[in-house]
Amino acid sequence: MTETRTAAKKVLIKTYGCQMNAYDSDRMADMLAAEGYQPTEELGEADLVLLNTCHIREKAAEKVYSELGRIRLAKDEAAAAGRVMTVGVAGCVAQAEGAEIARRAPVVDLVVGPQSYQNLPALLRKTAAGERAIETEFAIGEKFERLEKAGRRSAKAVSAFLTVQEGCDKFCTFCVVPYTRGAEVSRPVSRILAEAEALAASGVREMTLLGQNVNAWHGEGADGREWGLGELLFRLAEIPGLDRLRYTTSHPRDMDDALIAAHRDLPELMPYLHLPVQSGSDRILKAMNRRHKAADYLALVERIRAARPDIALSGDFIVGFPGETDADFEATMRLIEAVGYAAAFSFKYSPRPGTPAAEHDDQVPEKVKTERLAALQALVAQQQDAFNRSKIGATMDVLFEKAGRHPGQLAGKSPWLQAVQVDAPEAMIGTIQRVVIEKPGANSLYGRLVSSSSSATQPLVEAAH
Ligand code: SAM
Ligand code: SF4
């Protein structure tokens, strides 16, 4: 038999925005692998380029169009060499703008919203037939079920994401998520357990449950009762090999007693919680439709800390929401001082088309937003530095994930999500070791192995990851 040249097709997926997009990109890659596509990082050799986009702020959305300009040149070069390069836009920009993207950027052959990824193979057949394919339907139950069937979940790393919930019904007045991701939907327990077990079996030691409102997750448990995220975490902790559990992003209104109890009683649940508050001013919180006051948030933090005293908190903040005065901003700074964050994400308010806040006529000038953001970030940086320094001299479990910055070093994570660099042999990747923290660096802590006597030192799979 003569050998025929059937070079595999190559796909380049570029991901913007949140961890849920990172998860979706991996699932699309798994699905496309079943269709014969191998991943590539090289634009020049890609047969299919997919931009998995973010619409949360204007800057994020605009990045997509500048990237499409670059891709147009590569597509022209491919065409000159007799190759076809298919260009797709996925994610929240695709959902929000639909066919408009292809009008604004004719290089685009395919537009697919976040709830339609299961239809990618059919959409690609359409583009192969020379048609433009646009799909922005909401059919979320179907999405996960069909993605599961299309591509087996395989872990490529020691730490993995697992989406358990999608969408949002909260309608904060600044936010596009309820429009781009649709209504809140929880995946069923059995499907989550099956995916978690597959991940653990392929070497995953740490799993982060994802959802736009992950703590709004609920479903019928194995015992027939209605479970919330707390009960789900207890069940996931029973899976052999899953030593660490995390979840993100939570809404303060959905932190129920069972979830707080999980922080108290479940050693596998890491002592780190991302709990966005957005503002410390009750007036602004009301205008944002957050449906809680600053004092409610502080009381909640107190309850969580009573349950798990060493918990580290992070948050999201928006500065310059319409109508935000100096006094409102000061209230945010006071809340940050009162909480003491280990990390935080902060943003200038960005008016998003179609959201109520974008219509307000009391928009805050850009210069004021810039000043407030700088002041807030300086305060958070101080708190983060203090938190990191508080761990110097401490002995802690570190999960080694990959090779470190320098030869002979491994990079790992502390229970508090800090990056830790340690001199350690490669065979320790995928293991948890006791490490003493010696000094802080710019973005990581530096530590030293204490001994190799941890109970969880054996990798679950031979250096396959
Ligand atoms: N569901 C989460 C919550 O309730 O906080 C957050 C999800 S959102 C993808 C991530 C963060 O983006 C928000 O917490 C908020 O701080 C920020 N964000 C959302 N819309 C924004 C806007 N229009 N301008 C600036 N920041 C925004
Ligand atoms: Fe957006 Fe989060 Fe508010 Fe939902 S709860 S609208 S995702 S900020």
Side-chain angles (χ1 to χ4, degrees), residues 15-24 52-62 91-93 95-96 114 161 163-186 208-217 229 247-255 273-281 284-292 294 296-297 300 313-324 329 332 335-336 341 343-360 363-364 366 368-370 372-373 376-377 380:
T15 308
Y16 300 82
C18 66
Q19 290 137 325
M20 300 198 61
N21 268 8
Y23 175 88
D24 282 345
N52 192 3
T53 61
C54 172
H55 199 248
I56 200 85
R57 282 167 293 276
E58 192 182 355
K59 250 194 200 155
E62 283 307 314
C92 291
V93 175
Q95 188 64 42
F161 294 131
T163 294
V164 298
Q165 181 277 339
E166 260 212 275
C168 181
D169 297 337
K170 300 272 191 303
F171 290 93
C172 298
T173 55
F174 52 81
C175 185
V176 289
V177 168
Y179 311 98
T180 56
R181 293 275 175 168
E184 263 174 38
V185 178
S186 295
T208 304
L209 306 184
L210 297 181
Q212 265 93 23
N213 267 295
V214 70
N215 56 346
W217 179 91
L229 194 67
Y247 60 93
T248 197
T249 294
S250 295
H251 193 287
R253 279 176 59 90
D254 292 320
M255 282 305 295
L273 176 62
H274 184 59
L275 194 64
V277 63
Q278 315 296 354
S279 170
S281 153
I284 296 296
L285 286 170
K286 188 156 191 265
M288 286 177 163
N289 191 31
R290 290 292 290 182
R291 289 181 280 175
H292 62 75
D296 301 327
Y297 182 84
L300 175 62
L313 289 168
S314 73
D316 288 346
F317 297 93
I318 294 179
V319 299
F321 182 83
E324 186 188 70
F329 176 65
T332 301
L335 179 138
I336 295 173
Y341 287 93
F345 300 93
S346 46
F347 315 98
K348 290 183 202 173
Y349 168 69
S350 168
R352 306 308 293 129
T355 59
E359 306 300 319
H360 290 205
Q363 301 290 332
V364 172
E366 191 61 23
V368 176
K369 288 186 196 172
T370 304
R372 288 182 186 163
L373 187 67
L376 189 152
Q377 289 184 339
V380 169

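Predicted model, so just to flag it, every value in this text is computed and none were measured. One-based numbering, in listed order, for ligands and for the atoms of each.
Looking at Gln278, Met288, Arg290, Arg253 and measuring to atom 2 (Fe) of ligand 2, the nearest heavy atom belongs to Arg290. Comparing heavy-atom distances from atom 8 (S) of ligand 2 across Tyr179, Phe174, Phe171 singles out Phe174 as nearest.
For ligand 1 and Thr249, the ligand atoms under 4.0 Å from any heavy atom of the residue are 2 (C). Which parts of ligand 1 touch Pro276 is read off a 4.0 Å heavy-atom cut-off, strictly below it: atoms 5 (O). With ligand atoms numbered from 1 in the order given, ligand 2 contributes 3 (Fe), 5 (S), 6 (S), 8 (S) to contacts under 4.0 Å with heavy atoms of Cys172. Shown in contact with Lys348 at under 4.0 Å from a heavy atom are these atoms of ligand 1, numbered in order with element: 24 (N), 25 (C). Proximity to Arg352 (heavy-atom distance under 4.0 Å) selects the following atoms of ligand 1: 23 (N). Residue Arg57 has at least one heavy-atom neighbour below 4.0 Å for each of these atoms of ligand 1: 12 (O), 17 (C), 18 (N), 24 (N), 25 (C), 26 (N), 27 (C). Each of the atoms 8 (S), 9 (C), 12 (O), 18 (N), 19 (C), 20 (N), 21 (C), 22 (C), 23 (N) of ligand 1 lies under 4.0 Å from some heavy atom of Ile56. Near Arg290, meaning under 4.0 Å from one of its heavy atoms, ligand 1 places the atoms 3 (C), 4 (O), 5 (O). Annotation for ligand 2: atoms under 4.0 Å from non-hydrogen atoms of His251 are 5 (S). Here is the list of ligand 1 atoms found below 4.0 Å of a heavy atom in Gln212: 1 (N), 2 (C). Counting the atoms of ligand 2 from 1 in the order shown, those under 4.0 Å from a heavy atom of Pro178 are 6 (S).
The proximity of Phe174 to ligand 1, defined as any non-hydrogen pair under 4.0 Å, involves the side chain as well as the backbone. Contacts between Asn213 and ligand 2 below 4.0 angstrom, taking non-hydrogen atoms only, involve the side chain exclusively.
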| request: Could you go through the side-chain contact (heavy atoms from CB on, under 4.5 Å) check for Leu229 and Asp254 one step at a time? | output: CA-CA 10 Å; Leu229 194 67; Asp254 292 320; over 6 Å; no
Carefully, step by step, assess Leu373 and Ser346 under the rule side-chain contact (heavy atoms from CB on, under 4.5 Å). CA-CA 7 Å; Leu373 187 67; Ser346 46; 3.7 Å; yes
message: Could you go through Asn289 and Phe174, starting from their C-alpha distance and side-chain angles, then the distance that decides it, and tell me whether this counts as side-chain contact (heavy atoms from CB on, under 4.5 Å)?
response: CA-CA 9 Å; Asn289 191 31; Phe174 52 81; over 6 Å; no
Take Thr332 and Val319, measure what side-chain contact (heavy atoms from CB on, under 4.5 Å) needs, and give me the verdict at the end. CA-CA 9 Å; Thr332 301; Val319 299; 5.9 Å; no
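Taking 2.8 Å as the threshold, Cys168 does not count as a candidate ligand of atom 1 (Fe) of ligand 2, since none of its N, O or S atoms lies below it.
Of the possible donor and acceptor atoms, one in the side chain of Thr173 sits under 3.5 Å from a partner among the backbone N and O of Ala287.
Using a 4.0 Å threshold on non-hydrogen atoms, atom 7 (C) of ligand 1 does not count as touching the protein.
For Asp296 and Arg290, the salt-bridge test fails: no basic side-chain N is under 4.0 Å from an acidic carboxylate O. Note on Lys369 versus Glu324: no salt bridge recorded, every NZ/NE/NH1/NH2 to OD/OE distance being 4.0 Å or above. Under the 4.0 Å criterion applied to side-chain N and carboxylate O atoms, Arg181 and Asp24 are assigned as salt-bridge partners.
Considering backbone and side-chain N/O of Val177, none are found under 3.5 Å from N/O of ligand 1.
Ring-centre distance between Phe317 and Tyr341: below the 6.0 Å cut-off. Two rings, from Tyr179 and Phe171, have their centers less than 6.0 Å apart.
In this structure, atom 22 (C) of ligand 1 lies nearest to the protein heavy atom Ser350 O, 3.7 Å. Scanning the protein for heavy atoms near atom 1 (Fe) of ligand 2, the closest one is Cys175 SG, 2.3 Å. Shortest contact from atom 16 (O) of ligand 1 to any protein heavy atom: Gln278 OE1, 2.7 Å. The protein atom (non-hydrogen) at minimum distance from atom 11 (C) of ligand 1 is Asp316 OD2, 3.4 Å.
Under the side chain to side chain contact (heavy atoms under 4.5 Å, CB included) rule, Pro351 has a single partner from Gln363, Arg57, Glu359, His360, which is Gln363.
Side-chain atoms of Ile56 and Cys92, non-hydrogen and from C-beta on, never get closer than 4.5 Å to each other.
Of all the heavy atoms in Gly167 and Gln212, the pair that sits closest is N-OE1, 2.8 Å.
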